[in-house]
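Since the model is a prediction, treat every value here as computed from it, not as a measurement.
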Amino acid sequence: MAATDIARQVGEGCRTVPLAGHVGFDSLPDQLVNKSVSQGFCFNILCVGETGLGKSTLMDTLFNTKFEGEPATHTQPGVQLRSNTYDLQESNVGLKLTIVSTVGFGDQINKEDSYKPIVEFIDAQFEAYLQEELKIRRVLHTYHDSRIHACLYFIAPTGHSLKSLDLVTMKKLDSKVNIIPIIAKSDAISKSELTKFKIKITSELVSNGVQIYQFPTDDESVAEINGTMNAHLPFAVIGSTEELKIGNKMMKARQYPWGTVQVENEAHCDFVKLREMLIRVNMEDLREQTHTRHYELYRRCKLEEMGFKDTDPDSKPFSLQETYEAKRNEFLGELQKKEEEMRQMFVQRVKEKEAELKEAEKELHEKFDRLKKLHQDEKKKLEDKKKSLDDEVNAFKQRKTAAELLQSQGSQAGGSQTLKRDKEKKNFF
């Protein structure tokens, strides 16, 4: 009997029975809370927006601290994602907070591919979690979950409409992360302009099919406040780490020549609404939506690419072992095919190389024969020239010998005539 059939029968045959006394499993929620508090929590925020919109300042204001970070410049050649993780403690609850900022977003002349590094970063975090999940020995309870739980998309307070870069980027991200659009530095435009700007942004998001995060209304305890806050999106916020004395209290505010803007005054901006919705009311829902919706979508697509399915063509449950064997056989078949192709290619290249070597060898032999013949011709010429020179030397020696012989004969004849004349003179006297 299959496990699904057993589970179905158990569910259908479940009965409700009364307890005769206190058992103690009503303490399970307390056990769960204590265990969660001891392990701590993690929350990852992605801040997307152009340089200079106050992303770092707003993070400092939201968590009432001063995060480390270098100010970004407008000279970045491309979009880079800078991630920093901090350990925060409030009462007895620990929070591992990761803030990821998009450095150089919107600073390039060609902004066509500005969204790609952000999408690749989000997918990389999903892939890392999936790889950890697929391990034989998993340690998910100690694994640092780096998946993005909330994306605060900072919109420039132009007062007109969304930029095409904002629409394209949010459209690419809405299926991968919970997008919460916010109007940054909202004190730069008037209240009437801000109201019209919010309406314009909402209509453009709807007309372009951009799905932003909606605060959940299925829980009765938060349904009313979440429903009200959904109508206030996008939030118009102001950030400031500077405290000014207003009345008898020190409050975070921004001082201008025309007056003071209080960050936590809901008549001035929506900062308090953002903090309530993001941190105090819906932080766990953001984490849950990331896991059950966005990560599950990525996981399903990734496993389908690998050939895994829930059911076969006959709508029967698909066996993981059968899928693995099928993919393994398919992989081995492709491997053998590639091996055969590589072998044939290798044989072909060997044949081509052998033909090239034979041709080169033939050319070398022909060149050697030419050089050999040329050498023989040169050698014959030199031998003929040497023979000619030897003949000339021999002829010269013969002439020299004949000349020397004639000269010696001439000198002997002259000597005999002189002796004869001397003898005749003596006889005369």
Side-chain angles (χ1 to χ4, degrees), residues 24-47 55-69 82-101 125-126 128-129 132-133 138-152 177-180 182 213-226 228-229 235 237 239-241 243 249-252 263-264 266 270-295:
F25 59 80
D26 58 350
S27 65
L28 272 174
D30 297 331
Q31 296 176 33
L32 181 61
V33 168
N34 293 334
K35 184 177 180 180
S36 300
V37 169
S38 64
Q39 290 179 350
F41 301 89
C42 71
F43 192 67
N44 307 318
I45 301 177
L46 172 64
C47 299
K55 299 187 290 294
S56 301
T57 303
L58 183 64
M59 290 296 102
D60 294 345
T61 311
L62 268 175
F63 292 94
N64 198 23
T65 185
K66 179 65 177 176
F67 296 115
E68 299 175 356
R82 185 183 298 166
S83 177
N84 295 299
T85 302
Y86 310 93
D87 286 321
L88 306 180
Q89 188 77 23
E90 187 174 37
S91 299
N92 64 332
V93 178
L95 178 67
K96 188 180 288 292
L97 176 68
T98 300
I99 299 175
V100 183
S101 59
Q125 311 316 308
F126 284 152
Y129 192 88
E132 181 65 28
E133 199 175 47
R138 301 185 298 178
V139 286
L140 291 176
H141 61 285
T142 59
Y143 175 76
H144 174 55
D145 186 5
S146 58
R147 296 173 298 176
I148 300 299
H149 300 126
C151 172
L152 298 181
V177 70
N178 302 311
I179 299 177
I180 302 176
I182 58 177
Y213 175 72
Q214 294 291 320
F215 303 118
T217 56
D218 50 355
D219 186 353
E220 294 181 358
S221 60
V222 294
E224 183 178 355
I225 185 172
N226 280 348
T228 304
M229 291 303 170
F235 293 134
V237 298
S240 176
T241 55
E243 291 191 349
K249 294 182 179 180
M250 296 296 293
M251 304 180 67
K252 286 184 172 61
V263 173
E264 297 183 347
E266 295 192 47
D270 297 332
F271 173 80
V272 174
K273 296 183 179 67
L274 173 64
R275 185 177 61 190
E276 289 287 328
M277 293 296 98
L278 180 67
I279 301 175
R280 300 182 180 179
V281 178
N282 298 302
M283 180 179 281
E284 180 56 30
D285 184 73
L286 287 164
R287 286 157 43 91
E288 183 180 347
Q289 285 290 324
T290 299
H291 183 76
T292 59
R293 180 186 170 196
H294 301 297
Y295 171 69

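No hydrogens or angles considered: nothing links the side chains of N44 and K96 as a donor-acceptor pair under 3.5 Å. A donor and an acceptor atom, one from each side chain of H294 and R147, are nowhere located under 3.5 Å apart. For the residue pair T290 / N178, a side-chain donor-acceptor distance below 3.5 Å is found, with atom types taken as modelled.
Interatomic distance, I225 CD1 to T217 OG1, rounded to the nearest 0.5 Å: 13.0 Å. Rounded to the nearest 0.5 angstrom, S146 OG and Q125 CD are separated by 3.5 Å. Taken from CG in L46 to CD1 in I99, the straight-line distance is 11.0 Å, to the nearest 0.5 Å. With rounding to the nearest 0.5 angstrom, the CG atom of L152 is 7.0 Å from the CG atom of L62. A distance of 11.0 Å separates CE in M277 from CG in D285, rounded to the nearest 0.5 Å. Within the model, atoms CG of D26 and CD of Q31 stand 9.5 Å from one another, a figure rounded to the nearest 0.5 Å.
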Subject >> Verdict with reasoning, Y86 to T98, per side chain to side chain contact (heavy atoms under 4.5 Å, CB included) >> reply: CA-CA 6 Å; Y86 310 93; T98 300; over 6 Å; no
**OP:** Assess whether side chain to side chain contact (heavy atoms under 4.5 Å, CB included) is satisfied between M251 and V263, documenting all intermediate values.
**Re:** CA-CA 8 Å; M251 304 180 67; V263 173; over 6 Å; no
**OP:** With side chain to side chain contact (heavy atoms under 4.5 Å, CB included) as the test, would you mind laying out the steps for S56 and F67 before giving the verdict?
**Re:** CA-CA 8 Å; S56 301; F67 296 115; over 6 Å; no
Original post:
Would Q289 and Y295 count as a side chain to side chain donor-acceptor pair (under 3.5 Å) if you check the C-alpha gap in whole Å, the side-chain angles of each, and the deciding distance to 0.1 Å?
Top reply: CA-CA 9 Å; Q289 285 290 324; Y295 171 69; over 6 Å; no
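A heavy-atom distance below 4.5 Å is found between the side chains of V177 and I179. The closest side-chain heavy-atom distance from I45 to V100 is not below 4.5 Å. Contact of the C42 side chain with the R287 side chain is registered, since non-hydrogen atoms from C-beta on lie closer than 4.5 Å. Side-chain contact between N226 and V281 is present, with at least one heavy-atom pair separated by less than 4.5 Å. Side-chain atoms of N64 and K252, non-hydrogen and from C-beta on, do get closer than 4.5 Å to each other.
A salt bridge between K273 and E276 is absent, with no side-chain N of the basic residue lying under 4.0 Å from a carboxylate O of the acidic one. Here R293 does not pair with E288 in a salt bridge; the nearest charged N to carboxylate O distance is not below 4.0 Å.
Heavy atoms from other residues, nucleotides or ligands lying under 6.0 Å from CD of E266 number more than 12. Open room surrounds CD on E90; 12 or fewer heavy atoms of other groups in view lie less than 6.0 Å from it.
Here the closest heavy-atom approach between residue H149 and residue D145 is recorded as NE2-OD2, 3.8 Å. Scanning both residues, E264 and V272, for their nearest heavy atoms gives O-CG2, 3.4 Å. Of all non-hydrogen atoms in A150 and L286, the two that sit nearest each other are CB-CD1, 4.1 Å.
The side-chain contact (heavy atoms from CB on, under 4.5 Å) with L274 is formed by just one residue from the set V237, I279, T61; it is V237.
A centroid separation of 6.0 Å or more is found between the aromatic rings of F43 and F41. Y129 has its ring centre less than 6.0 Å from the ring centre of Y143.
Remark: the backbone N or O of E133 is paired with a side-chain donor or acceptor of R138 at under 3.5 angstrom. A donor-acceptor pair is defined here as one N or O able to donate and one able to accept, closer than 3.5 Å; no such pair exists between the side chain of N282 and the backbone of L278.
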